[in-house]
Trainee: 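Take a look at this one; I'll ask things after.
Quick note: numbers below take in every heavy atom, side chains included, and nothing from hydrogens, waters or symmetry partners. Residue numbers start at 1 and run along the sequence shown.
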Amino acid sequence: MVSLIYSAICSIDGYVADEQGNFDWAVPDAQVHSFVNELERGVGTYLLGRRMYETMIPWETMIPWETTAHEDLRGTSASVGSSVPDEFAGIEAATVEFAQIWGGIDKIVYSTTLNEVSTARTTISRDFDADAVRALESEAVQDISIGGPTIAASAFAAGLVDECRLFVCPVSVGGGLPALPRGRLDLQLLEEKSFDGGVIYLRYAVR
């Protein structure tokens, strides 16, 4: 049985970006990034709001060479022989792996203003249709991940979200874009993990 999962990297006071729209403090280190990659391998479809989609577009182009098998990328930095341009030498293996994962996942972008997409395996939907998402989930063979708190709020309101995965960063920003929708949300803690850099991973079931 597949799940619809909401994932977010947020500050300790619950924001994915501060009041100026900055989220530089949310960039994961190699340890967190490797962990995220393992989670994302189980995802078959991303549901994305326009802003989240535009934030993620660089993953389509940031690794401009064709890498070899994942086993060649397990070190501390990318090492794929002569296929790696000199200017990308030393790039973290986790970064390369995530770019590969991102490129292989289907994407649905919800936007009323976007007219075209620049990434592979991507379609545009003009509005968030809960029944269409339910139908997608019923036919899916891998989990569905929803990215972006605004579109996720619609999924929470429709009772579609099965799990909530938060990576809580050791920083307080005082305000901005909330990671979770306003109002009560009942959760059950399923898993927690701490990382050397101070990030805490919290996995919840949505009751």
Trainee: Are V117 and I105 connected into the same hydrophobic cluster when the rule is that any two of I, L, V, M, F, W, Y join if their side-chain heavy atoms are below 4.5 Å apart?
Mentor: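 Yes, one cluster joins them.
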Trainee: If you measure from CG on D129 to OH on Y110, what distance do you get to the nearest 0.5 Å?
Mentor: 8.0 Å
Trainee: What side-chain donor-acceptor pairs closer than 3.5 Å can you find for residues 136-153, not counting sequence neighbours?
Mentor:
residue	atom	partner	partner atom	Å
S138	OG	A135	O	2.7
Q142	NE2	R41	O	3.4
D143	OD1	S3	N	2.8

Trainee: Under the side chain to side chain contact (heavy atoms under 4.5 Å, CB included) test, which residues partner R184, sequence neighbours left out?
Mentor: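 Counting only residues at least two positions away or on another chain, R184 forms a side chain to side chain contact (heavy atoms under 4.5 Å, CB included) with D186.
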Trainee: Can you tell me if T122 uses its side chain to pair, donor with acceptor, with the backbone of A120 under 3.5 Å?
Mentor: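 Yes, the answer is positive, given that a donor and an acceptor are paired below the 3.5 Å cut-off.
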Trainee: Check the angle between the aromatic planes of F98 and H33 and answer parallel, tilted or perpendicular using the 30° and 60° thresholds.
Mentor: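 Ring orientation, 0 to 90° scale: tilted.
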Trainee: For atom CG of L190, decide whether the heavy atoms of other residues, nucleotides or ligands shown that lie under 6.0 angstrom number more than 12.
Mentor: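 Yes, CG of L190 has more than 12 neighbouring heavy atoms, counting only those of other groups under 6.0 Å.
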Trainee: If the condition is side-chain hydrogen bond (donor to acceptor under 3.5 Å, both in side chains), which residues does D24 pass it with, not counting sequence neighbours?
Mentor: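 Result, side-chain hydrogen bond (donor to acceptor under 3.5 Å, both in side chains) vs D24: none returned.
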Trainee: Supply the atom-to-atom distance S7 OG to Y201 OH, rounded to the nearest 0.5 angstrom.
Mentor: 7.0 Å
Trainee: For Y204, check ring pair (Phe, Tyr, Trp, His ring centres under 6.0 Å) against everything at least two apart and list the hits.
Mentor: none
Trainee: Kindly give the heavy-atom pair with the smallest separation between V2 and D162, and that separation in Å.
Mentor: O-OD2, 4.4 Å
Trainee: Show the nearest heavy-atom pair for residues T112 and R126, with the distance to one decimal.
Mentor: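 Minimum heavy-atom contact is CG2-O, 3.4 Å.
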Trainee: Got F167 and V36 here, is their nearest side-chain heavy-atom distance under 4.5 Å?
Mentor: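 Yes. Closest side-chain heavy atoms under 4.5 Å.
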Trainee: Provide the full list of salt bridge (Lys or Arg N to Asp or Glu O under 4.0 Å) pairs with a residue in residues 194-207, sequence neighbours left out, each pair given once.
Mentor: E163-R203, E191-R203
Trainee: For residues L4 and L160, report the shortest heavy-atom separation together with the two atoms involved.
Mentor: CB-O, 3.5 Å
Trainee: Between atom NZ of K107 and atom OG1 of T123, what is the distance when rounded to the nearest 0.5 Å?
Mentor: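 OG1 of T123 is found 10.0 Å from NZ of K107.
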Trainee: Would you indicate whether the side-chain heavy atoms of V199 and S194 approach each other to under 4.5 Å?
Mentor: no
Trainee: If every non-hydrogen atom of C10 is compared with every non-hydrogen atom of W25, which pair is closest and at what distance?
Mentor: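 Minimum heavy-atom separation between C10 and W25: C-CZ3, 3.6 Å.
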Trainee: For the atom pair CD1 (I108) and CG (L47), what is the distance rounded to the nearest 0.5 Å?
Mentor: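 Those atoms lie 5.5 Å apart.
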Trainee: Could you go through R134 and D131, starting from their C-alpha distance and side-chain angles, then the distance that decides it, and tell me whether this counts as side chain to side chain contact (heavy atoms under 4.5 Å, CB included)?
Mentor: CA-CA 5 Å; R134 289 188 183 95; D131 289 335; 3.0 Å; yes
Trainee: If you group Ile, Leu, Val, Met, Phe, Trp and Tyr by side-chain heavy-atom gaps below 4.5 Å, do I12 and V27 land in one group?
Mentor: no
Trainee: Taking only residues two or more places apart in sequence, or in another chain, which ones meet D13 in a side-chain hydrogen bond (donor to acceptor under 3.5 Å, both in side chains)?
Mentor: S11, S172
Trainee: When rounded to the nearest 0.5 angstrom, what is the spacing between CH2 in W59 and CD in Q100?
Mentor: 11.5 Å
Trainee: Apply side-chain hydrogen bond (donor to acceptor under 3.5 Å, both in side chains) to S111 and list each qualifying residue two or more places apart in sequence or on a separate chain.
Mentor: T113
Trainee: To the closest 0.5 Å, what do you measure between CG (L48) and CD1 (I124)?
Mentor: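 Between L48 CG and I124 CD1, I get 12.0 Å after rounding to 0.5 Å.
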Trainee: Pairs under 3.5 angstrom only: tabulate donor-acceptor contacts from the side chains of residues 49-57 to other protein residues two or more places apart or in another chain.
Mentor:
residue	atom	partner	partner atom	Å
R50	NH1	E54	OE1	2.9
R50	NH1	E54	OE2	3.3
Y53	OH	S118	N	3.2
Y53	OH	T119	N	3.4
Y53	OH	T119	OG1	2.7
T55	OG1	R51	O	2.9

Trainee: What residues form a side chain to side chain contact (heavy atoms under 4.5 Å, CB included) with E19, not counting sequence neighbours?
Mentor: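 So E19 forms no side chain to side chain contact (heavy atoms under 4.5 Å, CB included) with any residue.
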Trainee: Taking salt bridge (Lys or Arg N to Asp or Glu O under 4.0 Å) as the cut-off, I'd like each qualifying pair that reaches into residues 110-124, sequence neighbours left out, listed once.
Mentor: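 Non-adjacent pairs meeting salt bridge (Lys or Arg N to Asp or Glu O under 4.0 Å): D106-R121.
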Trainee: Closest heavy-atom contact between L185 and L180?
Mentor: CD2-CD2, 4.2 Å
Trainee: Locate the shortest heavy-atom distance separating S34 from A94; write the atom from each residue and the value.
Mentor: OG-CB, 3.6 Å
Trainee: Which residues pass the ring pair (Phe, Tyr, Trp, His ring centres under 6.0 Å) test with Y46, sequence neighbours left out?
Mentor: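 Partners of Y46 under the ring pair (Phe, Tyr, Trp, His ring centres under 6.0 Å) test: W102.
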Trainee: Take V206 and F156 through the test side chain to side chain contact (heavy atoms under 4.5 Å, CB included) and record every step on the way to the result.
Mentor: CA-CA 9 Å; V206 179; F156 276 113; 4.0 Å; yes
Trainee: Are I5 and L39 connected in the hydrophobic side-chain network, where two residues link if heavy atoms are under 4.5 Å apart?
Mentor: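 No; L39 is not reachable from I5 via cluster members.
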Trainee: Kindly work out whether a path of hydrophobic side-chain contacts (I/L/V/M/F/W/Y, heavy atoms less than 4.5 Å apart) joins I200 to L166.
Mentor: yes
Trainee: Could I get the full list of ring pair (Phe, Tyr, Trp, His ring centres under 6.0 Å) partners for F23, not counting sequence neighbours?
Mentor: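 If we apply the ring pair (Phe, Tyr, Trp, His ring centres under 6.0 Å) test to F23, skipping adjacent residues, there are no hits.
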